[in-house]
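Take a look at the structure set out below.
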Amino acid sequence: MSEKTKKSLSILFLDRINGYSKMERCLNTASMVPFVLTSLFIASIFVVFLLYSPNPLSTMSIRGGSVTVEEHFQKQEELVSTNSTSKPQKEQKSCDLFKGRWFDSSRGPYYTSSSCTTIPDTKNCLKQGRKDTHFLNWKWKPEECELPRFDPKTFLDMVRGKKMAFIGDSVSRNHMESLLCLLSQEETPNDIYKDSEDRFRKWFFPEHNFTLMSLWSRFLIVGEERTVNGTGSSIFDMQLDKVDDYWATQFPDLDYAITSDGHWFFRVLYLHEANKLIGCVYCHEPNITHHDIDFPIRMAFRSAFRYMSNCDKRVAVLVRTFAPSHFENGAWNTGGYCNRTSPMREEEVDLESVEWKVRNVQIQEVERVRKEGLRIGELDVTKAMMMRGDGHPGEYWGNKWMKGYNDCTHWCMPGPVDVWNEFLLAVLTREPWL
Ligand SMILES: *[C@@H]1O[C@H](CO)[C@@H](O)[C@H](O)[C@H]1NC(C)=O
Ligand SMILES: *[C@@H]1O[C@H](CO)[C@@H](O)[C@H](O)[C@H]1NC(C)=O
Ligand SMILES: *[C@@H]1O[C@H](CO)[C@@H](O)[C@H](O)[C@H]1NC(C)=O
Ligand SMILES: *[C@@H]1O[C@H](CO)[C@@H](O)[C@H](O)[C@H]1NC(C)=O
Ligand SMILES: *[C@@H]1O[C@H](CO)[C@@H](O)[C@H](O)[C@H]1NC(C)=O
């Protein structure tokens, strides 16, 4: 039997079983990319809670105390504000956008509560009572070039007629929400789809025929929560070699996929491969191989990339690297907080931390699959965001029912999260993939 016949037979078979006509375009018999139907919904009283909870088992360690960052960056600002309009094209192209510093600029944010009506209350820090607004003034300056200001018109013209999805957890949705605000300064989008949990969301920009969506996936791969006596346990069974259908079924319809994840892995995880238990993370069983958290993250991205590689559809894939939480003096549930009012210096960032390790794993997997031929880019935001402990909602997240907890995981809007979209536009401009 020829490869081709085998392939179409398996497509037929799977179509009949699962009714997934879209899947066939990503099928490849040479790979063992699986797509077992995940259970549709894991009921748990903790769902909303977990949605907004950071990882319970890690806190970011932050060295050093108060520093006059203003002083430190004075020089940088002068550098930027002086004439540096047109660097040679070549230099701009090779410059590492993600290596740089925050500098104090007088430029305000791109949008406000009144110019962007879609800011979620939980991230609308000023509306929730945050008084210090200085965190809005810091701009990112790559060492060797300029990061262009976000221009919504340029962006919308570039993505005319396309579909873009943010695939990942609630921090991924945070990224999408920032882009939505930035673009709505140019054209008001229509809200065309929302599920009851606000996990899948679709917006349409009619003048530009552009669809923007967020596709919820905690792990990129299949992860099912164990229930104990009918309630969620926050313990997950992970299928390291099975991608999450929630995004995988939609993938062939996309033009751009911005992929991320990380926070949900900081839990007790049981790891399965080919339906066999092969190890665990943070578990106590003596007879199971214990892995560090970077292992399941590596395998999750590897499986997701393998699936994307095997898809016939040309999709521009970007990875947004891990954006760390900033709990100080405790974890999210033990009184940790994040009330800084200015960024940290690069020297204060801990490159021995697990957050940086997670980022390195993600970059390694990007490089690995790029060598194998997948068109993939990265938004390497980790180090820039490690410096922004001042950019989280903290106590200002309009949280009435769980008073006492801080949100040091998601990002204020407007706020430093908007730089992710400056990066996005810059990367798409450099490499016009589509
Ligand atoms: C940049 O410098 C050149 C020459 O020094 C000057 O003619 C030009 O107006 C400057 N541009 C800006 C934006 O300052
Ligand atoms: C809008 O974009 C879709 C692809 O996303 C394309 O099929 C359709 O023809 C476009 N419509 C118009 C009016 O350009
Ligand atoms: C589950 O419920 C049973 C009966 O109420 C109880 O004995 C058991 O300890 C519970 N298990 C856990 C893990 O809470
Ligand atoms: C652990 O390994 C020991 C020795 O091989 C065996 O006797 C025991 O049953 C195992 N326990 C579990 C939980 O698999
Ligand atoms: C941050 O919060 C802690 C604990 O509530 C407090 O001790 C500290 O003074 C606060 N720092 C600032 C800069 O508000």
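One-based numbering, in listed order, for ligands and for the atoms of each.
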Got the closest protein heavy atom to [atom], with its distance?
{"atom": "atom 7 (O) of ligand 5", "result": "Tyr337 OH, 4.4 Å"}
{"atom": "atom 4 (C) of ligand 2", "result": "Gly161 O, 3.3 Å"}
{"atom": "atom 9 (O) of ligand 2", "result": "Asn209 ND2, 4.7 Å"}
{"atom": "atom 6 (C) of ligand 5", "result": "Asn339 ND2, 4.1 Å"}

#### Entry: Sidechain N-carboxylate O distance under 4.0 Å for Lys141, Glu146
yes

### Message
Out of the candidates Glu177, His410, Arg218, only one should pair with Ser170 under the side-chain hydrogen bond (donor to acceptor under 3.5 Å, both in side chains) rule; please name it.
### Response
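Result for side-chain hydrogen bond (donor to acceptor under 3.5 Å, both in side chains) with Ser170: His410.
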
### Message
Between Ser115 and Gln185, is there a side-chain donor-acceptor contact under 3.5 Å, judged purely by atom types and distance?
### Response
yes

### Query
Only one of Tyr337, Phe327, Trp411, Phe135 forms a ring-ring contact (aromatic ring centres under 6.0 Å, His included) with His392, so which one is it?
Trp411

